[in-house]
Amino acid sequence: MMDIMKKFSLEGKTALVTGGAYGIGFAIAEGLAAAGAKIAFNCRGEKHMEQALADYQAKGIDAHGYFCDVTKEDEVTAMIAKIEKDLGPVDILVNNAGIIKRIPMTQMKVEEFREVVDIDLTAPFIMAKAVLPGMMERRRGKIINICSMMSELGRETVSAYASAKGGLKMLTRNIASEYGAFNIQCNGIGPGYIATPQTAPLREKQPDGSRHPFDSFILAKTPAERWGDPEDLMGAAVFLASEASDFVNGHILYVDGGILAYIGKQP
Ligand code: NAP
Ligand code: GCO
């Protein structure tokens, strides 16, 4: 009988996870490493880099860290060249780096809107553009864009983020459409509400020790009745990075505890 687990192996593959110093990116990199991939990641600050390298080492992962602001095409080009010299061609790109600004649209400055779109949408375009030529030459490649509930839904104060993540869903589908013939698969992961630094403000305990109202709201909207853990995303990432998903393209795999399927618990 065939060994189906071979289809999920990433042995011999090099994965680049943007924003992989902590949070979801770190967990995805950890999962890809456990499946056999060599790991490269980037961040912008010395402090985060030092801590990340120590954290990867503590997990037994020989991760390679690179300083790069993903919105700067020259830094991205230089980083990819360094990675290819250190580890070989990038087989798997995970566009994870992202920010959010929670500001009512009428109060949001245009520069703030532009900054979110620049990091959450334009940067994945820059990153994909940097790795696609090599993937086309080798006639294989995997690009995974980290989308969001806000690729499908809106909510107050996240107009820039939802616009970017909605665009990222369509960029994912367009890369799949334009480069699928080169045996390149571009898919998305749509995490639900995950406990990371990005959502920490939404989970802060109230002065009286009670749950943040948004925390209670998410628990009522999630059939799993819990926030996601970054580790919950590892399986989806390994699947979409491996040959097990070679005939999956342009798909957004939601890992959300069921939020998108559920009207929410009656109060
Ligand atoms: P996070 O804890 O805030 O981490 C974001 C990461 O992105 C950090 O490593 C940060 O590095 C990096 N980054 C930000 N801007 C960058 C830039 N210009 N260049 C390079 N790196 C940059 O966020 P997270 O919760 O792990 O989220 C990771 C991704 O998942 C994001 O795309 C987010 O939108 C998405 N997501 C999150 C959730 C959730 O509930 N947490 C749900 C759905 C989707 P620095 O230290 O350099 O800032
Ligand atoms: C918010 C949250 C969400 C999550 C995530 C949900 O303010 O609503 O930050 O946007 O980060 O994107 O999938």
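Not measured: the values here are computed from a predicted model. Whatever order the structure lists them in is the order used to number ligands and atoms, beginning at 1.
Distance CG/N42 to CG/D69: 8.5 Å, rounded to 0.5 Å.
The S148 neighbourhood of ligand 2 comprises atoms 5 (C), 6 (C), 12 (O), 13 (O), with distances under 4.0 Å to a heavy atom of that residue. Close approach to G192 involves these atoms of ligand 2, each under 4.0 Å from a residue heavy atom: 6 (C), 13 (O). Close contacts between ligand 2 and M150 involve ligand atoms 10 (O) [criterion: under 4.0 Å to a heavy atom]. Near M149, meaning under 4.0 Å from one of its heavy atoms, ligand 2 places the atoms 6 (C), 13 (O). Close contacts between ligand 2 and P191 involve ligand atoms 13 (O) [criterion: under 4.0 Å to a heavy atom].
A donor-acceptor contact closer than 3.5 angstrom links the side chains of R203 and T199.
A salt bridge is defined here as a Lys NZ or Arg NE, NH1 or NH2 lying under 4.0 Å from an Asp or Glu carboxylate O, and D246 with K142 meets this definition. Between E30 and K59 a salt bridge is recorded (basic side-chain N to carboxylate O distance below 4.0 Å).
Annotation: Q206, atom CD; neighbour count of heavy atoms from other residues, nucleotides and ligands within 6.0 Å is above 12. Counting heavy atoms of neighbouring residues, nucleotides and ligands inside a 6.0 Å radius, atom CD of Q57 does not exceed 12 of them. The number of heavy atoms from other shown groups lying within 6.0 Å of NZ (K205) is above 12. More than 12 heavy atoms of other residues, nucleotides or ligands lie within 6.0 Å of CD in E112, so this atom counts as buried by the packing criterion.
The heavy atom nearest to atom 9 (O) of ligand 2, out of those in R102, E156, K165, E152, is found in R102.
Looking at every heavy atom in both residues, A52 comes nearest to F26 through O-CE1, 4.2 Å.
When atom types are taken as modelled, the side chain of S242 and the backbone of F239 share a donor-acceptor pair closer than 3.5 angstrom.
In this structure, the protein non-hydrogen atom closest to atom 2 (C) of ligand 2 is Y193 CE2, 3.3 Å. Given atom 8 (O) of ligand 2, the protein heavy atom at minimum distance is R155 NE, 2.6 Å. For atom 11 (O) of ligand 2, the closest heavy atom belonging to the protein is Q198 OE1, 2.7 Å. Protein heavy atom closest to atom 10 (O) of ligand 2, with residue, atom name and distance, is Y161 CE2, 3.2 Å.
D91 pairs by the salt bridge (Lys or Arg N to Asp or Glu O under 4.0 Å) definition with R140, not counting sequence neighbours.
A heavy-atom cutoff of 4.0 Å around ligand 1 is satisfied by the protein residues G19, Y22, G23, I24, N42, R44, H48, C68, D69, V70, N96, A97, G98, I99, I119, I146, C147, Y161, K165, P191, G192, Y193, I194, T196, P197, Q198, T199.
Of all the heavy atoms of L202, the ones lying under 4.0 Å from any atom of ligand 2 belong exclusively to the side chain.
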